[in-house]
Amino acid sequence: MIRTHTAGSLREEHAGQQVTLAGWVARRRDHGGVVFIDLRDASGSAQVVFREEDHAHDLRAEYCVQVVGQVRVRPEGNENPDLPTGSIEVVADRVEVLSESAPLPFPIEGSVGVSEEARLKHRYLDIRRQQVAEAMRTRSKATYLANEVMHELGFVYVETPTLTRSTPEGARDFLVPVRLQPGNWYALPQSPQLFKQLLQVAGLERYYQLAKCYRDEDLRADRQPEFTQIDVEMSFVDQEDVIEVGEALIGRLWKEIAGYEPPAPLPRMTYADAMARFGSDKPDLRFGQELVEMTEYFSGTTFRVFQADYVGAVVMPGGASQTRKELDGWQEWARSRGAKGLAYVLVQEDGTLGGPVAKNLSEQELSGLAAKVGAEPGDAIFFAAGARNASRDLLGAARLEIGRRCDLIDESQWSFLWVVDAPMFEEDGEGGWTAVHHPFTGPKPEWADNFQDHPGEALAYAYDMVCNGMEIGGGSIRIHRAEMQQRVFDVLGISKEEAESKFGFLLEAFKYGPPPHGGIAYGWDRICMLLSGGESIRDVIAFPKTASGFDPLTGAPTPITAGQRKEAGVDAPPRP
RNA sequence: GGUCCUGUAGAGCAGUUUGGAGUGCUCGCCACCCUGUCAAGGUGGAGGUCGCGGGUUCAAGUCCCGUCAGGACCGCCA
């Protein structure tokens with residue numbers, strides 16, 4: 001090794017020892033006759049002292065250097081209690097520049113903000129910054145812990161292909177041309193869903209994997225084109241067994257990394273409750289402002305807007321004092337989400353009700369309104385009326401916006417829950433049905449025989465884990481009988497031929513004694529983001545892409561040459 | 001595909017409302033001074049196609065149109 005000690009590990013007990021350090025020049029304080037250098041390596045940093053004759057004046061930020069010197073306790077009065085190594089310093093005997101650094105594109109030390117574009121272009125410098133490096137280490141620690149938990153629980157780690165078959169439904173596939181078979185294409189997996197079910201047929205019984213998944217959809221703060229899941233599948237289990245494993249995993253991660261012990265078992269909420277109370281299938285329980293259903297209350301109203309299948313309300317505390325401009329802003333906000341607007345009533349300090357909607361309501365409707373929705377003087381009440389689902393979506397989004405604007409969300413809190421009993425199907429808008437989860441999701445046992453007769457009501461044997469209003473995991477008990485699978489395909493309008501051509505290999509496997517099985521997949525990037533306090537999953541991905549799928553560091557994606565194009569068979573007609 | 005925000009020196013910003021010489025701030029960079037700092041300090045200096053293109057105007061960083069890039073959101077993401 002070209003060093004004997006790490007900088008961040010030096011303490012008073014090392015005083016008197018000769019040490020060799022290697023690392024980067026983090027900060028320099030040049031006083032002419034004496035020069036201080038903070039030498040940083042992966043362990044932390046330590047102050048190195050040079051004298052005039054040591055020729056340290058030419059050292060610059062981020063030079064990579066090796067220093068030989070003696071550790072000593074700092075002179076009286078020069079300790080820095082804010083630093084772990086603040087009681088000692090290394091008196092340099094010799095310094096060797098291992099490599100120089102060009103002037104930096106952005107500061108590595110210090111806390112000034114830097115645009116993400118600049119950070120990503122020089123990500124290797126960005127990762128030298130303490131906060132980013134910490135996020136990488138947190139993710140690493142979480143990965144070790146996850147492997148530990150799954151190992152203890154007897155799971156078998158299996159790697160599944162990333163060059164595989166395009167599967168229907170869900171997201172758009174990334175496609176890879178196949179030189180050996182011009183005209184035929186691999187797809188990158190959106191998830192190892194079918195493989196993990198095959199591994200159950202294979203009798204491994206307990207499978208897990210940290211799996212890279214690829215989806216060619218538009219990106220968001222919590223979405224990248226390639227991302228990682230902890231993928232889990234188990235045989236001979238029901239929902240309780242999968243949930244138990246999930247709680248063990250999440251419990252260990254949060255306890256060891258965030259110092260927080262989630263309640264065991266985690267609270268559960270039905271999908272129907274979540275939609276009714278929070279207008280969301282992933283409710284953020286860190287604040288109240290629950291939706292209030294007002295359909296019954298306004299059943300006899302003469303106000304045409306409220307003569308609807310559903311009327312609901314949500315309260316904005318202190319919202320009555322908003323300016324006209326702010327209230328108009330809510331209308332604009334609602335329209336940007338595809339709604340006509342957001343009706344509101346203002347509860348004045350004297351208890352009277354104001355706002356344009358109030359004029360349209362009867363005395364009787366007005367008199368009980370504040371009490372019904374739980375509004376206090378000074379609050380604003382927002383209403384949505386119309387189709388049940390769309391109105392609840394709007395109110396749910398309004399609730400979150402109220403939480404943000406009114407600073408109601410306690411960021412130090414964790415809110416975990418399971419959302420269970422989601423519907424199996426939803427209308428596809430064209431008179432048919434589509435799977436809410438995926439087509440291999442089984443019905444709850446009570447719907448096993450007749451889900452096909454009531455597709456709008458049938459409940460899936462599925463469960464989502466939600467943390468702070470974010471879905472961090474989701475799974476289901478799968479269908480393992482061909483007969484039931486066929487009924488699902490029938491509801492979805494998938495013909496026998498279509499099913500055969502698209503996932504015939506799974507149906508074939510299911511002829512050979514498939515065990516009852518189920519599983520779950522966790523969004524590993526999102527979990528690591530939460531554990532490290534990041535605001536975007538890009539914060540916990542070493543080399544992420546921008547919102548347009550561009551990597552500012554490598555410049556990917558790039559055009560290919562005509563030769564590559566021909567060789568890859570991009571333009572070859574499909575083989576018969 | 002759509003909506004919104006942002007783009008000014010290596011970094012972070014102000015200036016754009018109300019058009020008048022690239023006007024400014026903090027940090028960094030370069031040179032010099034400085035023996036106890038730890039966000040060291042001092043003096044001096046360099047560094048700008050104001051994202052790009054077009055238009056209006058006597059005159060555009062500023063107003064208009066288009067376009068590109070980044071970010072947030074809607075659609076989309078079984």
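These numbers come from a predicted model, not from an experiment. Numbered from 1 within each chain, the chains take letters A, B, ... in sequence-line order.
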Between CD of Q224(A) and P of A72(B) the distance, given in whole Å, is 10 Å
Students often get this wrong, so: under 4.0 angstrom with heavy atoms, is Q47(A) touching a base, only sugar-phosphate, or nothing? base
Measure up the W333(A) and W330(A) rings against each other and bin them: parallel (under 30°), tilted (30 to 60°), perpendicular (over 60°). perpendicular
Whole-Å distance separating the CZ atom of F550(A) from the P atom of A69(B): 9 Å
Do R51(A) and G36(B) share a donor-acceptor pair, side chain to base, under 3.5 Å? yes
How many Å lie between CH2 on W333(A) and C1' on C5(B), as a whole number? 18 Å
Spacing of F50(A) atom CZ relative to A40(B) atom C1', expressed in whole Å: 17 Å
Residue matched to U37(B) through Watson-Crick or wobble contacts both under 3.5 angstrom: none
Tell me what P552(A) touches on the nucleic acid: a base, only sugar-phosphate, or nothing, going by heavy atoms under 4.0 Å. nothing
Looking across every strand, which nucleic acid part, if any, lies under 4.0 Å from A221(A) by heavy atom: base, sugar-phosphate, or nothing? sugar-phosphate
I'd like the P distance from A59(B) over to U8(B), given in whole Å. 26 Å
Considering Watson-Crick and G-U wobble pairs with both distances under 3.5 Å, what does A69(B) pair with? U6(B)
Is there a donor-acceptor contact under 3.5 Å from the side chain of D41(A) to the main chain of A7(A)? yes
Determine yes or no for a side-chain-to-main-chain donor-acceptor pair under 3.5 angstrom, with Q485(A) supplying the side chain and P439(A) the backbone. yes
Using atom P in both nucleotides, what's the gap between A60(B) and G22(B) to the nearest angstrom? 9 Å
For H57(A) and U35(B), what is the distance between atoms NE2 and C1' respectively, to the nearest whole Å? 10 Å
Any base atoms under 4.0 Å from R538(A), or only sugar-phosphate, or nothing? Heavy atoms, all strands. sugar-phosphate
Of residues 29-46 of chain A, the positions that come close to RNA chain B - non-hydrogen atoms, cut-off under 4.0 Å: R29(A), D30(A), H31(A), G32(A), G33(A), V34(A), F36(A)
When you check the phosphate oxygens OP1 and OP2 of A69(B), does a side-chain N or O of S548(A) lie under 4.0 Å from one of them? no
Mind checking the P distance from U23(B) to A39(B)? Whole angstroms is fine. 35 Å
Identity of whatever pairs with C13(B) - Watson-Crick or G-U, under 3.5 angstrom: G24(B)
Could you tell me whether Q193(A) contacts a base, only the sugar-phosphate backbone, or nothing, with contacts defined as non-hydrogen atoms closer than 4.0 Å? base
Is E226(A) salt-bridged to K212(A), going by a charged N under 4.0 Å from an acidic O? yes
Using a strict 4.0 Å threshold on nitrogen-to-oxygen distance, state whether R286(A) and E411(A) make a salt bridge. yes
Rounding to the closest angstrom, what is the interatomic distance between G55(B) and G41(B) at atom P? 49 Å
Counter-base of G48(B), judged by Watson-Crick or G-U geometry with both distances under 3.5 Å: none
Under a 3.5 Å cut-off for both distances, is U56(B) Watson-Crick or wobble paired, and to whom? none
Check V73(A) against A15(A) and note the closest heavy-atom contact, atom names and distance. CG2-CB, 4.0 Å
Rounded distance in Å - CG (D328(A)) to P (C4(B)): 17 Å
I want to check something: taking the side chain as every heavy atom from C-beta on, are P84(A) and S9(A) in contact at a cut-off of under 4.5 Å? no
If you go through the side-chain atoms of R27(A), does one of them form a donor-acceptor pair with the base of G28(B) closer than 3.5 Å? no
I'd like a table of atom pairs between the protein and nucleotides 74-77 of chain B - only N or O on both sides, under 3.5 Å - with the distance next to each one.
{"unit_1": "C74(B)", "atom_1": "OP2", "unit_2": "R220(A)", "atom_2": "NE", "d": "3.3"}
{"unit_1": "G75(B)", "atom_1": "N7", "unit_2": "R220(A)", "atom_2": "NH2", "d": "2.9"}
{"unit_1": "G75(B)", "atom_1": "O6", "unit_2": "R220(A)", "atom_2": "NH1", "d": "3.0"}
{"unit_1": "G75(B)", "atom_1": "O6", "unit_2": "R220(A)", "atom_2": "NH2", "d": "3.3"}
{"unit_1": "G75(B)", "atom_1": "N1", "unit_2": "D218(A)", "atom_2": "OD2", "d": "2.7"}
{"unit_1": "G75(B)", "atom_1": "N2", "unit_2": "D218(A)", "atom_2": "OD2", "d": "3.4"}
{"unit_1": "C76(B)", "atom_1": "O2'", "unit_2": "E217(A)", "atom_2": "OE1", "d": "2.7"}
{"unit_1": "C76(B)", "atom_1": "O2", "unit_2": "R223(A)", "atom_2": "NH1", "d": "3.4"}
{"unit_1": "C76(B)", "atom_1": "N3", "unit_2": "R223(A)", "atom_2": "NH1", "d": "3.2"}
{"unit_1": "C76(B)", "atom_1": "N3", "unit_2": "R223(A)", "atom_2": "NH2", "d": "2.9"}
{"unit_1": "C76(B)", "atom_1": "N4", "unit_2": "R220(A)", "atom_2": "NH2", "d": "3.4"}
{"unit_1": "C76(B)", "atom_1": "N4", "unit_2": "R223(A)", "atom_2": "NH2", "d": "2.8"}
{"unit_1": "C77(B)", "atom_1": "O2", "unit_2": "R223(A)", "atom_2": "NE", "d": "2.9"}
{"unit_1": "C77(B)", "atom_1": "O2", "unit_2": "R223(A)", "atom_2": "NH2", "d": "3.4"}
{"unit_1": "C77(B)", "atom_1": "N3", "unit_2": "R223(A)", "atom_2": "NH2", "d": "3.3"}

Say we look at G48(B) and G54(B): how far apart would their C1' atoms be, to the nearest angstrom? 22 Å
Whether Q17(A) side chain and V71(A) backbone form a donor-acceptor pair below 3.5 Å: no
Please state whether the base of G36(B) and the side chain of E89(A) form at least one donor-acceptor pair under 3.5 Å? yes
Counting only Watson-Crick or G-U wobble pairs whose two distances fall under 3.5 Å, which nucleotide matches G75(B)? none
Which residue, T228(A), T160(A), D231(A), forms the side-chain hydrogen bond (donor to acceptor under 3.5 Å, both in side chains) with Q209(A)? T160(A)
Can a salt bridge be assigned to the pair R215(A) and E217(A) using a cut-off of 4.0 Å between side-chain N and carboxylate O? no
From CD of E116(A) across to C1' of C5(B) the rounded distance in Å is 15 Å
Between C68(B) and G53(B), how far apart are the two P atoms, rounded to whole Å? 15 Å
Most 5' of P103(A) and L120(A) on RNA chain B, judged by nearest nucleotide: P103(A)
Quick check on side-chain hydrogen bond (donor to acceptor under 3.5 Å, both in side chains): which of H517(A), H480(A), E233(A) does Q197(A) satisfy it with? H517(A)
With a 3.5 angstrom cut-off on both distances, give the Watson-Crick or G-U wobble partner of U62(B), or none if there isn't one. none
Comparing nearest nucleotides in RNA chain B, the 5'-proximal residue of the pair P107(A), R28(A) is P107(A)
Between U17(B) and C73(B), how far apart are the two C1' atoms, rounded to whole Å? 27 Å
Can you see if the side chain of R404(A) gets near the phosphate of A72(B) - specifically, an N or O under 4.0 Å from OP1 or OP2? no
When the C1' atoms of C4(B) and U56(B) are compared, how many Å lie between them, rounded to an integer? 27 Å
Here the pair of heavy atoms bringing V540(A) nearest to A135(A) is CG1-CB, 4.3 Å
Does the distance from a Lys or Arg side-chain N to an Asp or Glu carboxylate O, for R29(A) and D38(A), drop under 4.0 Å? yes
Mate of C32(B) across any strand shown (Watson-Crick or G-U wobble, both atom pairs under 3.5 Å) is G42(B)
Figure out the CZ/C1' separation between R129(A) and C27(B), and round it to whole Å. 13 Å
